[in-house]
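Taking it in order: structure first as C-alpha cells, then the write-up.
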Amino acid sequence: MCSTRRSALRRAFPAALAALLLCAALPAAAQGQNKVVYDKFDWKIYSSTHFRIYHYDRGAPALGKVASMAESAYDELSRRLNYQVPKPIPLLYYVSHAEFEQNNVILNFIPEGVGAFAEPARNRMVLPIDLPDEKLQNLISHELTHIFQYEILYGGRLSRALTTNIPTWFMEGMASYFAKDEDEKDRMFIRDAVNSDLIPPITRVNIGGYPAYRFGHAFFDFVEAEWGKDAVRELVFEFRSFLGRDIAVALRKTFGIEPDDFDLKFRRYLRRKYLPLLAVKGEPSEYGERFRVGPWERPSYEIGAAPSPSGDFVATLTTYKEDIDIALLSTKSRKLWKNLSPGRTTKYEYISAQFLTMGPESGRDLAFAPDGDRIAVFARRERGRQLFIFSARGGGVVDRVPVAPDMPLSPAFSPDGGRVVFSGIEGTSRDIFLLDLGTRSLKNLTADEAYDTAPVFSPDGKFVYHTKIVGGLQKIVRFPVDDPAKVEQVTWGEGNDDDAAFSPDGKRLYFASSRGGIFNIYGQDLSSGELVQYTDVIGIALGPGAYIGPDGQEKVVFSGYQDGRFQVYVADAKKPIKKLEEKALPPAPIHRTATPDFVPAIEVAIDPDKVTKSKFSMFFDDIGGYAGVNSDGTFVSSVRVGLSDYLGDRRAFLIWDTLAGYSNINAIYLNLKRRLQWGIQGYDQRTYFIGVN
C-alpha cells in the first residue's frame with residue numbers, strides 16, 4: 001500500500017488520480033525496461049526497539065530523527081490498536097524522492113506522485129524523508145499503519161495478502177485516519193464533493209485513487225464520531241473474520257447496522273459537517289472571472305498563474321491536450337492564446353506540476369522573466385528535474401540548465417532577468433538556491449535545517465521572500481540577497497501562509513493563507529500592514545499573481561478548485577471582499593539556526609556501535625503454481641518461486657513446468673544494485689507436441 005503526494009494527471013481530479021495512484025496494484029516483478037539506478041547506496045542497518053532501519057551515508061544525519069518518528073508512531077498505533085507486531089519492521093529511507101524512485105523493492109517505475117509504500121513481503125516500509133518534520137511523521141505513521149494492517153488482517157501471511165481483496169478506501173482511509181495526515185489542501189476535496197453532492201454509497205463501491213484516501217478517512221472519522229474511538233479498533237478486528245466477504249458483514253456484526261442505513265448516515269454526517277460552512281462561502285467563480293482554455297465537452301486542469309510583465313498574458317500549466325503543457329492566456333479575452341509546448345519531445349519527460357505530476361508543495365511551478373519572453377519551469381529528465389526556459393514569442397525550449405539540488409521547485413526570476421531563485425534539497429534539508437544563468441554558478445542561500453520553499457525576489461531585487469515554518473506554521477519571511485543570515489518574518493497570525501507575490505509597484509504582498517481553515521487569497525500593504533481578503537471559497541484558492549489589466553486597473557490572478565478541478569480566475573485588486581481588523585506586524589528578525597519546531601513523542605538516542613553493514617541474505621518473495629489435466633489427458637503443472645534480499649537489489653527466480661513426462665527448468669539470478677545490471681540464467685527446455693497424420 002502507498003502514500004500518495006496527491007498527484008493527478010489529465011481530466012477531472014478523481015479519474016485522474018485513479019490513473020496515477022493505484023499504488024497497491026504495483027506488481028513485484030519487472031516488466032519492460034529496467035529501472036536505472038543512478039546513485040550508489042552504501043546501505044547500513046540500525047536496530048531500534050521495533051525497527052531495522054536501512055540507511056546510507058547521505059541520510060545518516062537524519063537517522064536519529066527517523067528512528068524517533070518511527071518509534072513514536074509505533075507507540076501510538078500499538079496503544080490505539082492494542083496490538084504488537086511480532087518481528088522487527090524493516091524501514092528503508094531515502095534522502096530525496098529522486099533517490100527513492102531508484103529503489104528495487106518495487107521494480108516498476110515509480111511516479112513522483114507516489115509518496116512512499118509498504119508491502120507485505122517481510123513488512124517492508126520504503127519512503128523518502130524530503131518533507132517537513134510534521135509531514136514526515138505523518139508519512140511514517142501512514143505506512144506503519146499498513147504494516148499493522150498486514151499483521152492484523154492477514155496474520156502476517158503473504159499468500160493471504162495477495163489473495164484477499166480489501167477495498168482500497170478501507171486500507172488507505174484507515175492509514176490516513178491513524179496517521180492524522182489530512183491537511184487543509186486535502187480537505188478541499190471532501191468539501192467540494194459535499195457541495196457537488198457527490199458522496200458515494202461507500203459500503204457498495206471500491207473507490208480508487210486519491211478519492212479512496214479522502215472518503216476512506218472520512219469513513220473512519222464518521223465511525224469515531226458515531227460510536228467512539230474504540231469502535232474503530234472493534235471494526236478492524238471484526239473485519240478480519242470476514243475478509244473474503246463484504247464490509248457490510250463487519251458493519252452488521254460490529255454496530256448492528258445495515259449497509260444502506262450506514263450509507264445514509266455517512267452522507268448525512270458529511271453534509272451536517274460541511275453544509276453550515278458551505279452556506280457562508282462561495283465558489284472561486286464568485287470572486288473572480290474564469291479563464292477558459294479547453295472545450296466545454298473536455299474539461300481541463302489549469303494550475304499556476306504567472307502574469308507577463310506587460311499584463312497582456314498569463315502563463316499557466318494546462319492539461320487540455322491530455323498532456324501537461326505551458327499555455328499563454330490572453331488577459332483581454334480570458335481565453336487560450338498559444339500553447340508553448342505542443343507535441344511530444346525527447347528533451348524532457350514531462351513538466352513538473354503540483355497536483356498533476358506531484359502533490360501540493362509550495363509556490364508556483366512557472367515564472368515569467370522581466371523581458372516578457374522567457375518562462376522558467378522545472379521538467380523531469382533522467383534522474384530528476386532540470387530547469388527549462390521556454391520562449392513566449394517563439395514557443396519551445398530555448399535553454400536547459402541541469403541543477404545539482406534534488407527535486408527543485410518554484411523557479412522565480414530576478415528583476416534583471418539574469419538569475420533564478422528556487423528551492424531544492426541539499427543534504428537532508430530543503431533550502432533556497434540562487435542560480436546565475438550566465439555563469440551557471442549556484443549558491444545555497446539558506447543552508448540550515450529549516451524547510452524553505454517558494455522563493456521570489458522583491459521588485460527592487462534587494463530581498464528574497466519565501467515560505468518557512470515558524471512556530472509550527474508556514475510563514476512568509478525575507479532576507480537580503482547580500483546577507484541571507486538576516487531573516488525577518490513578514491506575515492503573522494493564525495494559519496499557514498504561502499505563495500508570496502508582489503503587486504507591480506511593489507507596495508503590496510499577495511499570498512495564500514489557511515487562516516480560518518481554508519486557503520484563500522490575501523493582500524498585505526507592506527508599509528501599513530493593512531490586510532485584505534479577496535476570496536472566501538469552499539474548495540481552495542492558491543498561487544496569486546498581480547498585473548495591470550487592459551483596463552489599466554491592477555488585477556489579482558489565482559488558481560481555484562471548483563467542481564473537481566483547478567482553473568485560473570482573475571479578480572479586481574481594488575475590490576477585496578473585506579478588510580481584516582488585524583494588521584500585520586512590521587518585519588522582525590527570527591533566528592535562522594533555530595531548532596525545528598516539531599519534536600517526536602519519543603526521542604531515540606543513536607548508539608553508533610549498533611550501526612552495522614547490510615549483509616547479503618535472501619528470502620522467499622513470491623511463490624505460486626498450478627496443476628491440472630489437459631483435454632488430451634496429459635498432466636500439467638507449474639511451480640514458480642521468487643527470492644529477494646530486503647533491498648530488492650538481488651533477486652532469484654526458479655520456474656519449473658511439467659507436461660506429461662517432460663519438464664522445463666529455468667533458474668535466473670539478477671543483480672540490480674548498480675546502473676550496470678547483470679544476471680545469469682540456466683535452463684533445461686524440453687518440447688512436447690502431438691503430431692497429427
Side-chain angles (χ1 to χ4, degrees), residues 1-3 23-30 35 41 43-56 59 66-67 70-71 73-74 77-78 81 83-94 100 102-108 110 114-128 139-164 166 171 175 240 243 610-624 640-654 668-673:
M1 290 294 178
C2 304
S3 292
C23 315
L26 291 172
K35 182 189 296 183
F41 302 103
W43 290 99
K44 297 178 176 65
I45 302 174
Y46 181 82
S47 294
S48 65
T49 305
H50 299 100
F51 296 88
R52 297 177 70 238
I53 303 174
Y54 288 72
H55 62 284
Y56 46 93
V66 173
E71 292 295 345
Y74 187 96
L77 281 167
S78 62
L81 292 167
Y83 189 87
Q84 299 289 332
V85 177
K87 295 181 180 180
I89 302 163
L91 189 160
L92 291 68
Y93 74 83
Y94 291 81
F100 162 73
Q102 300 173 50
N103 84 80
N104 286 318
V105 176
I106 287 180
L107 293 178
N108 294 69
I110 297 176
V114 174
F117 65 87
E119 51 85 54
R122 293 298 191 273
N123 281 348
R124 289 172 289 183
M125 297 168 55
V126 188
L127 52 93
L139 180 68
I140 291 173
S141 298
H142 186 112
E143 300 310 325
L144 185 58
T145 302
H146 287 314
I147 303 301
F148 275 81
Q149 288 172 334
Y150 300 152
E151 288 294 328
I152 294 171
L153 299 176
Y154 304 140
R157 298 198 295 272
L158 178 61
S159 59
R160 197 176 187 192
L162 296 175
T163 57
T164 303
I166 298 179
M171 298 294 282
R240 176 173 59 176
L243 290 187
K610 293 175 64 177
V611 176
T612 61
K613 287 187 177 181
S614 175
K615 296 180 180 179
F616 173 64
S617 62
M618 301 186 77
F619 59 86
F620 288 108
D621 188 46
D622 189 19
I623 300 176
R640 299 168 188 271
V641 178
L643 297 96
S644 170
D645 64 1
Y646 277 93
L647 299 167
D649 291 337
R650 298 178 178 90
R651 292 176 176 266
F653 303 92
L654 177 64
I668 304 169
Y669 173 80
L670 300 173
N671 188 312
L672 311 176
K673 190 174 182 179

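These numbers come from a predicted model, not from an experiment. Residue indices begin at 1 and follow the sequence shown. FYI, side chains are in, hydrogens and waters are out, and symmetry mates aren't considered; it's all heavy atoms of this structure.
A donor-acceptor pair under 3.5 Å is formed between the side chain of N671 and the backbone N or O of K673. Judged by distance alone, the side chain of Y150 and the main-chain N or O of A118 form a donor-acceptor pair under 3.5 Å. Within the 3.5 Å criterion, the main-chain N or O of P86 finds no donor-acceptor partner in the side chain of E151.
Crowding of K613 atom NZ: a count of heavy atoms from other residues, nucleotides or ligands under 6.0 Å not exceeding 12.
One distance of note links CG of L643 with CG of L654; it measures 8.5 Å at 0.5 Å rounding. To the nearest 0.5 Å, atoms OG (S614) and CG (D645) are separated by 7.0 Å. Rounded to the nearest 0.5 Å, atoms NZ (K35) and CG (N108) are 7.0 Å apart. For the atom pair F117 CZ and I110 CD1, the distance stands at 5.0 Å (nearest 0.5 Å). For the atom pair CG of L153 and OG1 of T164, the computed distance is 9.0 Å after rounding to the nearest 0.5 Å. How far CD1 of I89 is from CZ of R52: 12.0 Å, rounded to the nearest 0.5 Å.
Y54 does not carry R124 over the face of its six-membered ring by the limits of under 6.0 Å from the centre and within 45° of the normal.
When all heavy atoms are compared, the tightest approach of S141 to L77 is O-CD1, 3.9 Å. When every heavy atom of R122 is checked against every heavy atom of F620, the shortest pair comes out as NH1-O, 4.0 Å. When all heavy atoms of V105 and N103 are compared, the pair lying nearest together is N-OD1, 3.0 Å. Residues P90 and N123 approach most closely at CD-O, 3.6 Å, considering heavy atoms. Heavy atoms only, all atoms of each residue included: R651 and N104 are closest at NH2-O, 2.8 Å. Considering every non-hydrogen atom in both L672 and G648, the closest pair reads CD1-O, 4.0 Å.
Within the 4.5 Å cutoff, no side-chain heavy atoms of I140 are placed close to those of Y93. Using a 4.5 Å heavy-atom cutoff, the side chains of H55 and V611 are in contact.
Residues passing the ring pair (Phe, Tyr, Trp, His ring centres under 6.0 Å) test with Y669, sequence neighbours excluded: W678. Residues forming a side chain to side chain donor-acceptor pair (under 3.5 Å) with Y56 (at least two apart in sequence, or on another chain): E99. Residues passing the side chain to side chain donor-acceptor pair (under 3.5 Å) test with R240, sequence neighbours excluded: none.
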request  = Apply side-chain contact (heavy atoms from CB on, under 4.5 Å) to E71 and F51, showing your working.
outcome  = CA-CA 8 Å; E71 292 295 345; F51 296 88; 3.5 Å; yes
ask   = Can you check side-chain contact (heavy atoms from CB on, under 4.5 Å) on M125 and H146, steps first, answer last?
value = CA-CA 9 Å; M125 297 168 55; H146 287 314; over 6 Å; no
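Aromatic ring centroids of W43 and Y94 lie under 6.0 Å apart.
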